[in-house]
Amino acid sequence: MRLMILTGGLAMVFAQSAFALDASATRQLKSLSPAERLEQRCDMEAMNRIGKEAKTYSPDKVIAYTFAQTKADGNRLKAPGAVFRSKGQWYRLKYQCETGNQHLDVKNFSYQIGDAVPKQSWGKYYLYN
């Protein structure tokens with residue numbers, strides 16, 4: 001529950017700033033374990049990049065592990081089964097992310113947007129409006 005609340009708060013804070021973390025987002029991220037911080041920071045980067053680079057989307061939520069487990073290795077995270085929500089619709093997403101040692105700054109990031117997730121399968125994957 002704590003992670004869900006922090007995720008929502010971080011998403012709102014980060015959505016307002018372009019690639020840089022403000023003091024509030026940094027404090028919230030630092031309150032997480034290093035593994036949680038890596039995933040949350042990379043999810044935030046995915047949301048920000050998609051919103052800026054793929055103009056047809058307005059992402060407000062990213063979940064890294066919906067269709068496949070994430071793979072973390074040091075400062076790197078691969079999320080081959082991620083999803084993001086935009087304008088009330090969920091879309092498949094794959095991303096790779098590399099952060100600095102504190103998992104606050106993103107060094108490298110790439111992503112691929114997939115198909116929309118059919119609404120009838122949202123319940124199966126715990127997706128919501």
So do K78 and T70 actually touch side chain to side chain, heavy atoms under 4.5 Å?
-> no
Disulfide bond (SG atoms under 2.5 Å apart) contacts in which one or both residues fall within residues 27-103, not counting sequence neighbours = C42-C97
4.5 Å side-chain heavy-atom contact, Y128 and K61 = yes
Between Q28 and A25, is there a donor-acceptor pair closer than 3.5 Å when you use the side chain of the first and the backbone of the second?
-> no
Do any N or O atoms from the side chain of R85 and from the backbone of W90 form a donor-acceptor pair under 3.5 angstrom?
-> no
Quick note, side-chain hydrogen bond (donor to acceptor under 3.5 Å, both in side chains) partners involving residues 111-127, not counting sequence neighbours, are E53-Y111
Between CD of Q40 and CG of L77, what distance do you get to the nearest 0.5 Å?
-> 10.5 Å
Measure the shortest side-chain to side-chain distance between L93 and I50 over non-hydrogen atoms and say whether it is less than 4.5 angstrom.
-> yes
Closest non-hydrogen atoms of P80 and A68, given as atom of the first, atom of the second and distance, are CG-CB, 4.0 Å
Heavy-atom pair with the smallest gap, counting every atom of L38 and R76 = CD2-O, 3.9 Å
Pairs touching residues 92-106 that satisfy side-chain hydrogen bond (donor to acceptor under 3.5 Å, both in side chains), sequence neighbours left out | D43-Y95, N75-N101, E98-N108, T99-H103, D105-K107
Would a distance-only check, ignoring hydrogens and angles, find a side-chain to backbone donor-acceptor pair under 3.5 Å from S86 to S58?
-> yes
With under 30° as parallel and over 60° as perpendicular, where do the rings of Y91 and F84 fit, or are they tilted in between?
-> parallel
Is the shortest heavy-atom distance from the side chain of V117 to the side chain of L127 under 4.5 Å?
-> yes
How long is the gap from CG on L21 to CD on E45, to the nearest 0.5 Å?
-> 8.5 Å
Show your working on side chain to side chain contact (heavy atoms under 4.5 Å, CB included) between L104 and K30 and close with a plain yes or no.
-> CA-CA 8 Å; L104 297 173; K30 284 182 175 181; 3.7 Å; yes
For the residue pair L29 and R37, what are the closest heavy atoms and their distance?
-> O-NE, 3.1 Å
State, to 0.1 Å, how close D60 and M47 come at their nearest heavy-atom pair, and which atoms those are.
-> C-SD, 3.3 Å
